[in-house]
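Numbered from 1 within each chain, the chains take letters A, B, ... in sequence-line order. None of the values given here were measured: they were computed from a predicted structure. Keep in mind that the numbers below use all heavy atoms, side chains included, and drop hydrogens, waters and symmetry copies.
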Amino acid sequence: MTTTTPRRPSPTAHTVRRLGAALLRLAGWFWALAVVVIVLANVVGWATRGSTDVSIAVYARQASTWFPFSLGIMLVSAYLRVHVASGMTRRTFVRAALVVQVAAALGYAAVLTLLVLVERAVHDALGWDSVITEVQLADASAPPWALLGDLAVPLVLANLSGLLVGIVYQRGGAWWGTLTLPLTVGPVVAALYVPGLRLMEVPGLWTTASDAQVLVLAVALGAVLAVLTASAFSLLARGAPVAAKP
Amino acid sequence: MTATTTGWGVELHGVTQRYGDVVALDDVTLTVRPGTITGLLGRNGSGKSTLASLVAAFRRPTAGRVLVDGEDPWENERVVPGVCFVRESGDVLDDYSLRDNLAYVSGARPAFSHELAGELLDLFELEPRRKPSKLSRGKKSAFGIVLGLASRAPLTILDEVHLGLDAPSRYAFYDALLADYAEHPRTLVLSSHLIGEIERLLEDVVVLDRGRVLVAQDAEGLRAEGLSVTGPADAVERFVAGRDVLASQRLAGTVQTTVRGVLTEGEVRRARDAGLELGPVPLQDLFVHLTDPQRTAGAADASRAADR
């Protein structure tokens with residue numbers, strides 16, 4: 001007697017659906033909370049000073065960078081072991097994790113851009129300013145595409161960095177995971193704060209180039225760092241042993 | 001496209017696995033026949049879980065080759081969906097419901113049976129809405145069994161999956177395993193310390209000791225290497241005198257002794273004449289004898305002396 005093994009659906013697509021659903025649920029909670037905080041902060045500014053002349057929404061940039069970063073770590077620690085134990089390769093996990101993390105980063109950037117623009121429209125209607133005091137390239141006069149590009153670079157890097165941090169901790173343990181943080185998280189910190197050089201008018205390319213040129217440069221550098229981070233994650237994850245749960 | 005199989009065989013050629021200074025498996029060469037139920041036995045730390053981890057491509061061997069259905073399983077898109085390794089620690093999403101976990105696994109296992117999964121959930125009284133993190137140890141083990149059997153993988157390895165299960169649940173597991181194995185033949189590897197309980201299921205036996213293969217043969221052949229002698233204490237003691245005694249149990253005036261070796265027809269007749277009952281050797285006794293540290297240390301000394 002024989003058994004017949006039917007073909008299974010694409011493991012990458014299956015994993016993208018599962019990981020995507022998990023991230024979407026958490027993103028729903030995150031943005032619901034963010035909207036409440038943004039509205040409350042605007043109301044407090046109006047109640048105490050008569051108007052809120054800065055963009056509150058753009059401050060969500062830090063939270064929307066580091067929250068999905070932490071979810072990247074969680075994806076590796078919670079799902080890689082289960083993925084392999086369920087009969088799928090590390091290769092398909094890497095593909096799925098990269099797809100959902102990049103998609104999540106772009107989604108977060110899009111939602112944050114939308115919130116900033118909606119808030120700006122409300123401020124305009126009320127006769128308030130929407131000054132951006134966060135360290136970033138796109139200021140209050142920047143077009144939406146520039147704002148989106150500026151927000152997306154650190155978000156994509158952070159999400160990929162979360163995966164890298166997760167796999168380094170998993171493979172190397174607490175010591176290596178912590179000692180390599182400057183390498184694994186450094187690119188995100190650079191993407192977040194290097195644009196500040198332009199605001200500080202430090203001499204050099206960052207100051208002399210036009211807004212558009214600097215933004216294109218930042219996006220290009222971010223893309224290179226993202227590819228390097230994703231490659232490092234892929235390399236480490238594809239050789240990872242799957243230890244028993246402690 | 002479909003693949004037709006009666007279960008997948010396993011071959012290990014000179015496999016060594018080291019964890020730092022610790023040698024978990026030492027130059028292991030072994031074959032698991034396709035379509036059999038093989039018992040993987042050994043004391044704690046003998047290398048059973050490591051061996052299963054290599055076969056399931058959970059890790060790569062330090063040296064040697066592992067073949068599953070003729071191919072290296074490492075990152076092998078054809079092979080890994082057909083190898084299901086369920087370990088005692090449980091590889092599930094702790095904070096998702098059992099239903100979500102089943103959905104995750106079923107989407108990855110080509111032959112997954114939702115029908116069998118449902119039956120087993122009922123059998124072990126598992127509520128699909130519960131999360132693994134909220135289950136008792138026995139219930140977690142039961143869920144591992146559900147995943148392992150319902151996956152119907154051509155090679156299924158169950159490593160100490162009975163831990164924490166009460167006796168009725170363990171026997172329900174054995175019955176369910178046999179019933180599904182009969183309907184859907186595949187290769188099953190069972191690792192357990194409850195040798196007396198799983199003995200009846202096993203067709204082949206592999207005994208590991210300190211990372212080396214001590215025994216790898218069919219269970220019947222192994223049982224034929226010894227026998228149990230039951231009867232009045234005096235008669236049993238006289239009969240087994242000078243033989244390799246593996247174990248002995250006394251109940252009032254009756255003794256059951258397990259001895260190693262094969263009897264001649266004359267010896268069998270003499271035993272019957274003395275009112276003794278002869279029976280098959282319990283695997284548990286053979287296992288305890290084979291893995292006795294004093295015995296294996298003596299064998300190692302003898303081997304070293306021979307090398308000199």
Side-chain angles (χ1 to χ4, degrees), chain A residues 1-26 29 71 74-97 100 170-173 234-246, chain B residues 1-8 17 19 35 49-50 53-54 56-60 73-96 100-101 103-112 144 147-148 151-155 159 182-186:
Chain A
M1 187 174 166
T2 59
T3 55
T4 301
T5 308
R7 195 170 191 172
R8 65 174 173 173
S10 157
T12 304
H14 172 65
T15 310
V16 164
R17 277 195 297 274
R18 291 279 149 193
L19 299 186
L23 292 185
L24 204 58
R25 190 161 57 237
L26 291 166
W29 283 104
L71 295 183
M74 181 276 290
L75 283 190
V76 175
S77 62
Y79 280 88
L80 176 57
R81 182 172 50 83
V82 178
H83 183 89
V84 174
S86 299
M88 294 179 279
T89 59
R90 293 156 184 80
R91 193 182 308 117
T92 56
F93 177 79
V94 166
R95 285 185 200 141
V100 294
Q170 183 154 321
R171 291 204 62 176
S234 173
L235 193 69
L236 289 170
R238 288 170 70 166
V242 179
K245 194 169 58 180
Chain B
M1 187 178 131
T2 60
T4 302
T5 174
T6 55
W8 289 351
Q17 179 66 48
Y19 301 112
S49 298
T50 296
S53 293
L54 298 179
F58 279 25
R59 57 174 64 247
R60 267 182 148 156
W74 181 261
E75 292 293 271
N76 187 320
E77 298 281 4
R78 183 188 76 82
V79 172
V80 292
V83 182
C84 180
F85 173 32
V86 181
R87 47 189 175 181
E88 171 258 326
S89 57
D91 294 302
V92 293
L93 298 166
D94 280 326
D95 294 320
Y96 286 83
D100 286 341
N101 273 281
Y104 195 89
V105 174
S106 65
R109 295 288 186 193
F112 192 91
L147 293 175
S151 291
R152 283 189 180 148
L155 173 61
D159 183 15
E183 277 189 42
H184 302 274
R186 53 211 196 249

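When heavy atoms are compared at a cutoff of 4.5 Å, A/Arg18 approaches chain B solely by way of its side chain, counted from C-beta outward. With a threshold of 4.5 angstrom between heavy atoms, A/Ala22 approaches chain B through its backbone and through its side chain. Looking at B/Ala103, the atoms closer than 4.5 Å to chain A (heavy atoms on both sides) sit in the backbone and in the side chain alike. Neither the backbone nor the side chain of B/Asp95 comes within contact range of chain A, judged by heavy atoms closer than 4.5 Å.
Atoms CZ and CG, from A/Arg171 and A/Leu80 in turn, are 10.0 Å apart once rounded to the nearest 0.5 Å.
In this structure a side-chain-to-backbone donor-acceptor pair under 3.5 Å is present from A/Ser10 to A/Thr12. Remark: side-chain polar atoms of B/Arg186 are paired, donor with acceptor, to backbone N or O of B/His184 under 3.5 angstrom. Using modelled atom types, one side-chain atom of B/Asn101 and one backbone atom of B/Tyr96 make a donor-acceptor pair closer than 3.5 Å.
Side-chain atoms of A/Ser77 and A/Gln170 include no donor-acceptor pair closer than 3.5 Å.
Ranked by heavy-atom pairs under 4.5 Å with chain B, the list A/Arg81, A/Arg17, A/Arg90 is led by A/Arg90. In terms of heavy-atom pairs under 4.5 Å with chain A, the best-connected choice from B/Arg59, B/Arg60, B/Glu75 is B/Glu75. Counting heavy-atom pairs closer than 4.5 Å to chain A, the top-ranked of the candidates B/Asp100, B/Asp94, B/Val79, B/Asp91 is B/Asp91. Chosen from B/Gly35, B/Ala57, B/Ser53, the residue pairing most often with chain A at heavy-atom distances under 4.5 Å is B/Ala57.
Partner of A/Val100 under the side-chain contact (heavy atoms from CB on, under 4.5 Å) criterion, out of A/Leu71, A/Thr15, A/Leu24, A/Leu75: A/Leu75 alone.
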